[in-house]
Structures are given as C-alpha cells and as structure tokens.
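On a predicted model such as this, the values are computed, not experimentally measured, just so you know. What you see below is based on every heavy atom in this structure, not just the backbone, and it leaves out hydrogens, waters and symmetry mates.
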Amino acid sequence: MAHTLFIDGGAGTTGLEIVDRLEGRNEFELVRLNDAERKDEDCRRAALNFADFAILCLPDDAAREAVAMIDKESGTRVIDASTAHRTAPGWIYGFPELVGENVVAGADRVSNPGCYPTGFLALVAPLVRAKLLPRDWPYTVNAVSGYSGGGKGLIERFEGEGSDIAFRTYGLTMDHKHLAEMKSKAGLKNAPVFAPSVIPGFRGMVVEVPLPVAAMRNAAPPKELREELARYYENAPLVTVHDEDLSELVLHKQAEPSDRLDLYVFADPKGEMARLVAVLDNLGKGASGAAVQSLNLMAGCDPLAGLRI
C-alpha cells in the first residue's frame, strides 16, 4: 500500500523538484490541494494530519506553524526543508552520510540541511571528527550558487525583463541563517566567516574552504585530508572524493539536475596550503534531492530511488 505524502508549499521551486523526483513511483500517493485549499488553514491542517509523511517547503515561520498544526496522535512524519528546525532539539539533521542512514530512517522529525552547509559540512565535519583539522580554527567559506536557491523572488531578479545582474554577493552583515548549523554540525568552537554569492546560472554550487595548513595548529597535510575523506565516503554512493589534478572547476548556466556531491582537495606542491572544494546542485543534494533521500529512508524504500545520479 502506498504511503500518503503531503508537500506543504509544493508550488515552489523545491516542492516542484521533489514532485519531479517522485514521478512514476508507486510507493507514494500525493495528497493534493487546489489553489484555494492551499491558502485555507483548515484544509492544510487536515492534509498535514492525514498524510503519512509531510514535506515542508515553506519559509521558516510558516514551517513552524505547520508543525504546530500536526496532532501528536496523527503519526505524521515530517521533513522540513526550511531553516527553522536545523538545530532544534528533537529534530534529526537530514544528512544521512553524516548522521547515519539508520538514524534518518527511524526519525519522525527530519530537518533538511541547507545547500551551502551541505558542501561545507561534507568537507569539514569528517576531518574535525577525525582530529585532522582543529575545531577552534577561524574557518572561512567562499561559495557561489545558482540563482534558483533564492526562490521565486531571486529568480525573477535574474530572469526578469531588463535584468543585467552578473554577480550578487550578500550576507554582508555576517548573520547568515546557515551559520548556526555550520558551526553546530561541524562541531566547531566558532562560526565560520561565510561569504556567499550568486551567479547568473540557474542551478549549481561551489563551496570552498581555504586552509593555510602550514600555519594551522594540529592540521594534517592535504594528502591525509583527502585520504580521510575518501575513506569516510567510501560507501556513500552519492558522494565522490576526487583524486585527479585539475586546472579549473566550472558551473554551467543550464546544468542538468543532479543529486550528487563531488569533493576535492587541492594543494600546493609543498602541502603548505589547501583548498577544500565541494560541487553540488543547490536544488539537488542541496534541497529537493536531500529531502527525497531522507523520505526514501524513512519509508523503507531504496535510498537512491528517484534521485538524479
């Protein structure tokens, strides 16, 4: 028998990409509301309590309100794609490669990781756990993303008539909402200095952590950092740790959807400096793909079903 699934906020970019990944699958039956019903609190409440699973593709405050609508006895299991519950008590962080597939599979409340934190944490968290990088270093994160990560408003700014935006940097007040989960889930003493930017490509993301290895106390050489990442993700089918020498990495304006995560460790010949780099689709492993991966685990399905590999 199919599991019932309600996507609250399913008309947005993340929700639409989740539906696309569920196309043709018979494990789930979507609970659908028409335009008027989506704006009716009673209809939403009924759908949230009826469904076996609910995925919230909502702004933070609306996501909290949706969770409050769910009665304890309903048994509805929730995946929240917003920022609202990423560090909240009682919520499992929906990054199976970091927290364990069994942990996600058994959870009733799962919070989707942010897109930028997915790249940062994939690189840094395993190395801090292995004590190959110090937890008290003042890390910096440089990142660029496709404009789809900003939702309909930012998409309109980049695609709207007369738009001439070539580059957008933001988070200049140093209070980006992703900082809390980056610090917490990596086990760091301090939040990193985070410099996010947006480019005129629809999807795709590069997240970089530069490391002055020779100046860092208790930091392993770049070769050991790459070897540890390769060991850690050896059995993670969505994550590839690359070993080849490259002269550049590029994002394409019209890239195909992907739920993969590609990791690199670049270094100078003496091993005194390193650049840890993650490449992913901000709408894939950074959003919709991550939600479907968690949904698959929670429903007892093939973890990779519906994903773009």
Side-chain angles (χ1 to χ4, degrees), residues 3 5-25 27-32 38 51 53-60 62-63 66 77-86 92-98 101 104 107 109-119 121-122 143 145-155 178 181 198 201-205 207 236-239 251 254-262 278-299 301-309:
H3 301 282
L5 169 65
F6 175 52
I7 304 174
D8 198 0
T13 306
T14 298
L16 292 172
E17 292 237 344
I18 290 172
V19 171
D20 186 59
R21 285 163 173 77
L22 298 175
E23 189 71 31
R25 296 181 58 182
E27 307 101 312
F28 301 100
E29 179 183 347
L30 290 179
V31 177
R32 301 181 185 272
R38 283 200 298 267
F53 295 95
I55 302 180
L56 311 181
C57 302
L58 302 165
D60 288 4
R77 301 170 72 186
V78 181
I79 299 171
D80 181 11
S82 81
T83 313
H85 298 101
R86 289 177 185 164
I92 295 299
Y93 196 59
F95 201 149
E97 293 86 353
L98 291 185
E101 287 191 348
V104 174
R109 297 288 185 270
V110 171
S111 182
N112 231 33
C115 50
Y116 291 115
T118 294
L121 293 170
S145 172
Y147 56 79
S148 58
K152 292 182 178 180
L154 192 58
I155 291 172
H178 286 161
E181 67 183 287
V198 181
F202 185 75
R203 67 171 73 237
M205 172 174 283
V207 180
L238 294 175
V239 185
L251 296 177
Q254 299 299 329
E256 292 295 318
S258 171
D259 295 314
R260 297 196 54 80
L261 176 59
D262 293 284
V279 181
L280 64 151
D281 180 352
N282 57 290
L283 293 178
K285 184 62 171 166
S288 305
V292 172
Q293 184 183 6
S294 291
L295 177 66
N296 287 338
L297 290 168
M298 295 166 74
C301 304
D302 175 356
L304 304 182
L307 298 183
R308 311 293 190 250
I309 300 178

*asked:* Angle between ring planes, Phe28 versus Phe53, binned at 30° and 60°: parallel, tilted or perpendicular?
replied: perpendicular
*Would you say the side chain of Leu58 lies within less than 4.5 Å of the side chain of Asp80, judging by non-hydrogen atoms?*
no
*Side chains of Pro303 and Leu297: does their closest heavy-atom pair fall under 4.5 Å?*
yes
*Considering all heavy atoms of both residues, which atom of Leu280 and which atom of Cys115 are nearest to each other, and what is their separation?*
CD1-O, 3.9 Å
*If you round to the nearest 0.5 Å, how far is CZ of Arg109 from CZ of Arg77?*
10.0 Å
*What's the shortest heavy-atom distance between Lys152 and Ala11, and which atoms?*
NZ-O, 3.6 Å
*Show your working on side chain to side chain contact (heavy atoms under 4.5 Å, CB included) between Tyr147 and Phe202 and close with a plain yes or no.*
CA-CA 5 Å; Tyr147 56 79; Phe202 185 75; 3.6 Å; yes
*Flag the pair Pro113 / Lys285 as yes when at least one side-chain heavy-atom distance between them is below 4.5 Å, and no otherwise.*
no
*State, to 0.1 Å, how close Val279 and Leu251 come at their nearest heavy-atom pair, and which atoms those are.*
CG1-CD2, 4.3 Å
*Identify the heavy atoms of Ser82 and Ser111 that sit nearest to each other, and give their distance.*
O-OG, 4.2 Å
*So do Cys57 and Ile7 actually touch side chain to side chain, heavy atoms under 4.5 Å?*
yes
*Look up atom CG in Leu56 and atom CZ in Phe6, then write down how far apart they are to the nearest 0.5 Å.*
8.5 Å
*With a 4.0 Å cut-off, would you call Asp281 and Arg308 a salt bridge?*
no
*Could you go step by step and tell me if Val110 and Leu295 meet the side chain to side chain contact (heavy atoms under 4.5 Å, CB included) rule?*
CA-CA 9 Å; Val110 171; Leu295 177 66; over 6 Å; no
*Check Asn112 against Ala287 and note the closest heavy-atom contact, atom names and distance.*
ND2-O, 2.8 Å
*asked:* Let's go through Ser148 and Asn282 carefully: what are the C-alpha distance in whole Å and the side-chain angles of both, what is the deciding distance for side-chain hydrogen bond (donor to acceptor under 3.5 Å, both in side chains) to 0.1 Å, and is it a yes or a no?
replied: CA-CA 8 Å; Ser148 58; Asn282 57 290; 3.1 Å; yes
*Is there a side-chain contact between Leu238 and Leu261, using heavy atoms and a 4.5 Å cut-off?*
no
_Student check: side-chain heavy atoms of Leu304 and Pro237 closer than 4.5 Å_ = yes
*Check His178 against Pro117 and note the closest heavy-atom contact, atom names and distance.*
ND1-CD, 3.4 Å
*For Arg86 and Ala81, indicate whether the former's side chain and the latter's backbone hold a donor-acceptor pair under 3.5 Å.*
yes
*For Arg25 and Asn296, run side chain to side chain contact (heavy atoms under 4.5 Å, CB included): C-alpha distance rounded to whole Å, both residues' side-chain angles, the deciding distance at 0.1 Å, then the answer.*
CA-CA 11 Å; Arg25 296 181 58 182; Asn296 287 338; 2.8 Å; yes
_Can you tell me how far apart NE2 (His3) and CG (Leu30) are? Round to the nearest 0.5 Å._
13.0 Å
*asked:* Any side-chain to backbone donor/acceptor pair from Thr14 onto Ser288? Under 3.5 Å, distance only.
replied: no
*Side-chain heavy atoms of Leu5 within contact of Leu22, under 4.5 Å*: yes
_I'd like to check Met298 versus Ile79 (side-chain heavy atoms, cut-off strictly below 4.5 Å). Are they in contact?_
yes
*If you round to the nearest 0.5 Å, how far is CD of Glu181 from NE2 of His85?*
13.5 Å
_Stepwise side chain to side chain contact (heavy atoms under 4.5 Å, CB included) check, Arg21 with Asp259_ = CA-CA 10 Å; Arg21 285 163 173 77; Asp259 295 314; 3.0 Å; yes
*Output yes when a side-chain donor or acceptor of Glu27 lies under 3.5 Å from a complementary backbone atom of Cys301, and no otherwise.*
no
